[in-house]
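Note that the structure is a prediction, hence the values are computed from the model and not measured. Chain letters run A, B, ... following the sequence lines, proteins first and then strands; every chain starts at 1.
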Protein chains: 2
Amino acid sequence: MTTIKDVAKQANVSVATVSRVLNQKGYVSKESEEAVKKAIKILNYQPNAVARSLYHKTSGIIGLFVPDISNPFFPELARAVEDAATAEGFTVVLCNTDNKQDKEQKYIQVLQQKYADGLIIVTGTESVEHILSTHIPVVALDRYISEDIPTVVSSNKQGAIDATEHLVEQGCTFIAHLRGPIGVTSADERYEGFKQVIEKHSIAHVVIDSGFEIGQSEMATRKLLEMYPSIDGIFASSDVTAAGAMRAAYKCHKSIPTDIKVIGFDGISLGEMLTPALSTVQQPIYDMGERATKLLMTMIEKKELQSYRHEFKTKLTIRETSVGGE
Amino acid sequence: MTTIKDVAKQANVSVATVSRVLNQKGYVSKESEEAVKKAIKILNYQPNAVARSLYHKTSGIIGLFVPDISNPFFPELARAVEDAATAEGFTVVLCNTDNKQDKEQKYIQVLQQKYADGLIIVTGTESVEHILSTHIPVVALDRYISEDIPTVVSSNKQGAIDATEHLVEQGCTFIAHLRGPIGVTSADERYEGFKQVIEKHSIAHVVIDSGFEIGQSEMATRKLLEMYPSIDGIFASSDVTAAGAMRAAYKCHKSIPTDIKVIGFDGISLGEMLTPALSTVQQPIYDMGERATKLLMTMIEKKELQSYRHEFKTKLTIRETSVGGE
DNA sequence: CTGAAAGCGCTTACAG
DNA sequence: CTGAAAGCGCTTACAG
């Protein structure tokens, strides 16, 4: 590869002045500038990012921590993050943590050694102090981690209220809630919303932990439907678990939406691929990923943050699983 | 951050000997080694990857080029790549190209400036010469790009043959093929396989280009079903387009598998989330991603490759959309 | 076995 | 306006 030295030689100036025109910093005469630019063109020179990195102690790299990119919620987020990062000249490193602390820590170590500039965390993390001790800027996405970490979330509770009210309006009289893992804040908040509406209308209901995976949720729903054949509405804590519920209904020969109405949460594109198409509470996934990335950028620039909590409104999206069918 | 100098001072040796114990290279006395190790522990020293990178002209970074990580086929591949890369101490940078040449080139430039060690390409690319001109090792995954680039694919044609034969065995008499974009080798090969079986049995059929996206495929299928109401079998070139076909059938009040049998291709987890569960031709996605990564690693080590073409067998996976229903 | 020195490719005070 | 020099944090001939 051609280096700054080659350019300097070609342009008949010192490397310092090449550097000056590269960075548009310091005084350079018109003639020198021209000569350097010409040399750069001739040699097709591109500055070495690693050398720059060594001097500046920054890398233009951000780490994106997700539990598992194959879970369909994360790719849409990842896409947004990557778009926003690229737009600002940053590069994103994908980190699948499986929610394992040792993996997280390994990634953090590697990224720190590479002068990573920031981290976006979409994982429940046990390594809060460890992360903060690196002094790398961090933002939490779709998860609350700690007071000290800027957070981008959606209105989980209100979304759950909307979903449950909708089921009630559709005439459901016995509603099951497939809740996400206890301790995951978003799952807890969705459960809160559900409970509030149920209590307000005093509707028969049942709650079960269905994890975040489809297999688990299908099994859980199946059990539920066998125990309580009169269940006529299901509010799932995620679209993936809603898909599991739909499978279970199918296996139990219940038809959707005729016998059972179903609504999910997230608004991932999976919902539109299902038949019938899944009603859901739409999080503005792309916007959230974009916002998180932009927040991170402003932290990297060491600017003040307006706010440490960014909550996006969810939107009730009625498709086919929750309406009609008589 | 603490540097090698700090360690040297702490251990009362020169930075050279610290470097030697770090890299386990060259002679170091037992005593010096002990002292250095102790100092490293005390100071919690971690070598600076950027400085190493500058000297070695390598970075431990590989770029993963996909059209769009939100398309559900790619996350499963990305997961495999990331796992295999991490296992070898590499880090993966996610690059969404949208199949746009300018984006590809931008990423290539940035990665080259960072001393990226290798590229895995899961995109139809127009930049072959540009890529090769960087001299960065490359492998093509699920796509054939050029003779000069090692390729990991599955047996697309045989898979398509199996799928079509299966539909015939199930008694389909008028089969539609939703083919992928012309010019994408995997789509072309799948079409070849379909055609071969159809001709062998001289079965009524129709072929339409359905792209790789669900919306397009739903629309295409709908038109098809309106024009040819006697279609009773659909072989889709991907699981995503199969999902679109299922949606279309639903809209046209055709029941699956009773009225129409459907089979997809890919074997992504989406298939199991659908109701009824999608029959498909399973590619060993994870294994393919892993293989591609390992090939890349051996290229990075400048070892000889056994072979430039790695073809994985597909597996016919019968679930619910293609059998029974009478 | 060990250290001083040069070098990887940049950037930026500093002196002129 | 410009260049020589030091420095970012490592590694590795080279000399001893």
Rounded to whole Å, the NZ-C1' distance (A/Lys114 to D/dC10) equals 14 Å
Result for 5'-nearest mapping on DNA chain C, choosing between A/Arg20 and A/Met1, is A/Met1
Practice task
Establish, with yes or no, whether the OP1 or OP2 oxygen of D/dC1 is under 4.0 angstrom from a side-chain nitrogen or oxygen of A/Ser29.
Solution key: no
Does A/Tyr55 have a side-chain nitrogen or oxygen under 4.0 Å from the phosphate oxygens OP1 or OP2 of C/dC8? no
Give a yes/no on whether any side-chain N or O of A/Arg52 is located under 4.0 angstrom from OP1 or OP2 of C/dT11. yes
So, A/Asp83 and A/Tyr286: side-chain donor and acceptor under 3.5 Å apart, yes or no?
yes
Note to self: Tell me whether the side-chain N/O atoms of A/Lys57 come closer than 4.0 Å to OP1 or OP2 in D/dG9.
What the structure shows: yes
Using OP1 and OP2 only, check whether a side-chain N or O of A/Ser32 sits under 4.0 Å from D/dT2.
yes
Between NZ of B/Lys5 and P of C/dA5 the distance, given in whole Å, is 13 Å
message: Within the 4.0 Å heavy-atom criterion, would you say A/Ser19 contacts the bases, only the backbone, or no part of the nucleic acid?
response: base
* Between A/Ser269 and A/Glu76, a side-chain donor and acceptor under 3.5 Å -> yes
Is the distance from OP1 or OP2 of D/dC8 to the nearest side-chain N or O of B/Asn48 less than 4.0 Å?
no
Winner on side-chain proximity to B/Val13, out of C/dC10, C/dG3, D/dC8, is C/dG3
task: Verify the contact: side-chain N or O of B/Tyr115 to OP1 or OP2 of C/dC10, cut-off strictly under 4.0 Å; return yes or no.
output: no
Between B/Phe312 and B/Val152 the two heavy atoms that sit nearest each other are CE1-CG1, 3.9 Å
Here the distance between atom C1' of C/dG9 and atom NE2 of B/His56, to the nearest Å, is 15 Å
For C/dG16 versus C/dT12, give the span between their C1' atoms, rounded off to a whole number of Å.
-> 16 Å
Between NZ of B/Lys9 and P of D/dG9 the distance, given in whole Å, is 12 Å
Are OP1 or OP2 of C/dT12 and a side-chain N or O of A/Lys25 less than 4.0 angstrom apart?
yes
In whole angstroms, the gap separating C1' of C/dC10 from CG of A/Leu54 amounts to 8 Å
note: B/Glu31, atom CD; C/dG3, atom P; distance rounded to Å ~ 12 Å
Checklist entry - With a 4.0 Å cut-off on heavy atoms, is A/Thr3 in touch with a base, just the backbone sugar-phosphate, or nothing at all? => result sugar-phosphate
Between A/Gly26 and A/Val15, the residue closer to the 5' end of DNA chain D by nearest nucleotide is A/Gly26
Taking a pair to mean Watson-Crick or G-U wobble geometry with both distances below 3.5 Å, D/dC1 pairs with C/dG16
Checklist line | Backbone N/O of B/Val13 and side chain of B/Thr17: donor-acceptor pair under 3.5 Å | finding: no
Q) Quick one: does B/Thr86's side chain have a donor or acceptor within less than 3.5 Å of a partner on B/Glu82's backbone? A) yes
Whole-Å distance, B/Tyr27 OH to D/dA15 P, equals 18 Å
(message) For B/Glu147, I'd like to know if atom CD has over 12 heavy atoms of other residues, nucleotides or ligands within 6.0 Å.
(response) no
Checklist entry - In whole Å, what separates the P atom of D/dA4 from that of C/dG7? => result 16 Å
Atom CD1 of A/Ile40 and atom C1' of C/dC10 are separated, to the nearest Å, by 13 Å
